[in-house]
Visitor: 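Have a look at this one.
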2 protein chains.
Amino acid sequence: MIKISTGIRYALRSLIYIAMNYSGKPLSLKEIARDQEISKKYLESLFRLLKNAGLVHSSKGSVGGYQLGKSPEDITIFEVFYAIDGPINLVDCATNPASCSRTGKCETINFYKEMQDNLSSYLTKTRLSDIVTTAEKKIAFLK
Amino acid sequence: MIKISTGIRYALRSLIYIAMNYSGKPLSLKEIARDQEISKKYLESLFRLLKNAGLVHSSKGSVGGYQLGKSPEDITIFEVFYAIDGPINLVDCATNPASCSRTGKCETINFYKEMQDNLSSYLTKTRLSDIVTTAEKKIAFLK
DNA sequence: CTCATTACCTAGTGTTTCTATAGGAATTAT
DNA sequence: ATAATTCCTATAGAAACACTAGGTAATGAG
């Protein structure tokens with residue numbers, strides 16, 4: 001079954017939360033975890049990955065926390081997927097032909113490559129700002 | 001990590017093999033398993049699902065086996081995915097809002113729905129015949 | 001009419017991946 | 001100094017996945 005991992009779901013929600021609550025000061029994991037109802041310990045492991053990818057940067061210490069590493073317009077959803085789950089690889093043979101003994105005989109590789117391109121380009125063209133904008137419109141409407 | 005299951009990979013290869021070797025007689029799992037280098041026992045479980053979905057029909061007995069249930073132009077890849085792995089459901093909340101306590105507060109659902117639509121429509125518009133045609137062209141070129 | 005061959009069925013098992021937790025070390029503002 | 005935070009390694013529990021075992025039922029061939 002094709003699924004989006006909880007790691008990605010949590011990371012997206014956290015990034016959106018940071019984007020929508022920017023005040024110049026970093027937000028701590030404690031606060032993000034509380035608001036988003038996510039285990040703080042689990043968030044720690046995710047934010048390490050986000051930081052390595054440059055999507056957030058951190059400050060340590062007693063008023064430390066995280067801020068976005070780039071503006072929301074410059075963060076593609078593809079980057080978030082890549083940071084948390086690694087390269088998108090619907091099937092091994094599409095990326096690494098040597099992984100399958102039937103490479104060359106098999107008629108499905110082109111289909112998988114095309115499907116993967118379709119997915120990647122969708123994830124690349126939608127950006128964090130798109131989701132945030134939609135959310136802000138919803139909130140404005142409710143007021 | 002977003003992955004295509006081996007069940008789907010095996011099913012696709014098997015259906016392509018049947019489509020490309022049609023002679024009026026059904027093909028047995030034994031032959032499909034041998035040619036495609038897939039465990040026959042595992043294929044049995046997959047073909048049950050394909051049969052329930054109407055993608056193949058079977059004949060028992062000593063010269064029994066499987067044939068396509070429809071012409072390759074009428075078999076969408078979406079149907080194959082659905083038959084083997086069940087409904088496409090990238091996240092539970094997109095299909096079943098009650099599954100998450102944050103439904104209503106959460107800003108990501110629309111994105112997931114759109115992503116899922118994008119995926120589904122791609123799988124629906126590509127058909128078994130598309131893959132078979134590409135394969136036949138490749139074979140003709142090699143001759 | 002018997003036999004070989006095939007699809008069909010239920011159950012279970014080992015492996016891997018995913019999700020989450022434990023316990024602490026390093027850093028920094030107050 | 002102290003309290004709050006990020007950062008790091010390791011590991012455990014749970015769930016999904018891939019595959020196997022062992023047998024029954026149907027059907028055409030001889």
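The basis for the numbers below is simple: all heavy atoms, side chains too, and nothing from hydrogens, waters or symmetry mates. Below, chain A is the first sequence line, B the second, and so on; all start at residue 1.
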Visitor: Could you tell me how far apart A:M1 (CE) and D:dA18 (P) are, to the nearest whole angstrom?
Guide: 12 Å
Visitor: Quick one: does A:N21's side chain have a donor or acceptor within less than 3.5 Å of a partner on A:Y17's backbone?
Guide: yes
Visitor: Let me check the geometry of the helix from C:dC1-D:dG30 to C:dT30-D:dA1. What is the bend angle between the axes at its two ends, five pairs each, to 10°?
Guide: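 Computed angle between terminal axes is 10°.
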Visitor: Show your reasoning for whether side-chain contact (heavy atoms from CB on, under 4.5 Å) applies to A:E107 and B:R13.
Guide: CA-CA 7 Å; A:E107 315 299 355; B:R13 276 162 52 190; over 6 Å; no
Visitor: Run the numbers on B:I8 and B:L46 for side-chain contact (heavy atoms from CB on, under 4.5 Å), then give the verdict.
Guide: CA-CA 9 Å; B:I8 285 176; B:L46 299 174; over 6 Å; no
Visitor: What about A:V63 and A:F47, same hydrophobic cluster or not, with Ile/Leu/Val/Met/Phe/Trp/Tyr joined at side-chain heavy-atom distances under 4.5 Å?
Guide: no
Visitor: When you look at NZ of A:K25, are more than 12 heavy atoms from neighbouring residues, nucleotides or ligands closer to it than 6.0 Å?
Guide: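 Not buried by this count: 12 neighbours or fewer within 6.0 Å.
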Visitor: Please tabulate the protein-to-nucleotide N/O contacts below 3.5 Å involving nucleotides 2-12 of chain D, giving atom names and distances.
Guide:
unit_1: D:dT5; atom_1: O4'; unit_2: A:G61; atom_2: O; d: 3.3
unit_1: D:dT6; atom_1: OP1; unit_2: A:L29; atom_2: N; d: 2.7
unit_1: D:dC7; atom_1: OP1; unit_2: A:K51; atom_2: NZ; d: 2.5
unit_1: D:dC7; atom_1: OP1; unit_2: A:S58; atom_2: OG; d: 2.5
unit_1: D:dC7; atom_1: OP2; unit_2: A:Y66; atom_2: OH; d: 2.5
unit_1: D:dC7; atom_1: N4; unit_2: A:E44; atom_2: OE1; d: 2.8
unit_1: D:dC7; atom_1: N4; unit_2: A:E44; atom_2: OE2; d: 3.1
unit_1: D:dC8; atom_1: N4; unit_2: A:E44; atom_2: OE1; d: 3.2

Visitor: Indicate, with yes or no, if B:I88 and A:L90 share a hydrophobic cluster defined by side-chain heavy-atom contacts under 4.5 Å among Ile, Leu, Val, Met, Phe, Trp and Tyr.
Guide: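 Result: yes, single cluster for both.
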Visitor: Any chance NZ of A:K138 has more than 12 other-residue heavy atoms, nucleotides or ligands included, within less than 6.0 Å?
Guide: yes
Visitor: Could you check whether any side-chain N or O of A:E79 sits under 3.5 Å from a backbone N or O of A:T76, counting only pairs where one atom can act as donor and the other as acceptor?
Guide: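 At least one qualifying donor-acceptor pair exists.
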Visitor: Any residue in residues 31-38 of chain A with a heavy atom nearer than 4.0 angstrom to DNA chain C? Just list them by number, or reply none.
Guide: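 Contacting residues: none.
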Visitor: Give the rounded distance in Å between these two atoms: CG of A:D92 and P of D:dA18.
Guide: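 Roughly 11 Å, once rounded to whole Å.
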Visitor: Minimum heavy-atom separation for B:S14 to B:I32, with atom names?
Guide: OG-CG2, 3.7 Å
Visitor: Can we say A:R48 and A:E44 salt-bridge, meaning some charged N sits less than 4.0 Å from an Asp/Glu carboxylate O?
Guide: no
Visitor: Check the hydrophobic clustering (I, L, V, M, F, W, Y; side-chain heavy atoms under 4.5 Å; chains of links allowed) and say if A:I109 and B:I38 are grouped together.
Guide: no
Visitor: Could I get the full list of side chain to side chain contact (heavy atoms under 4.5 Å, CB included) partners for B:D117, not counting sequence neighbours?
Guide: none
Visitor: Between which nucleotides of DNA chain C, read 5' to 3', does contact with chain B run, using atoms under 4.0 Å from its heavy atoms?
Guide: C:dT5 to C:dC18
Visitor: Using a 4.0 Å heavy-atom cut-off, does B:S45 contact any base of the nucleic acid, only the sugar-phosphate backbone, or nothing at all?
Guide: nothing
Visitor: Quick check on contacts: within residues 79-87 of chain B, what sits under 4.0 Å from DNA chain C by heavy-atom distance?
Guide: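 Close to the strand, none.
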Visitor: Could you tell me how far apart B:K3 (NZ) and D:dC17 (P) are, to the nearest whole angstrom?
Guide: 13 Å
Visitor: Would you check, one step at a time, whether the test side-chain contact (heavy atoms from CB on, under 4.5 Å) holds for B:I77 with B:I131?
Guide: CA-CA 10 Å; B:I77 307 303; B:I131 303 182; 3.9 Å; yes
Visitor: For the residue pair A:D85 and A:S5, confirm or rule out a side-chain donor-acceptor distance under 3.5 Å.
Guide: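 On atom types as modelled, these side chains qualify, holding a pair under 3.5 Å.
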Visitor: Of all heavy-atom pairs between A:K3 and B:I2, which one has the smallest distance, and what is that distance?
Guide: O-CG1, 3.4 Å
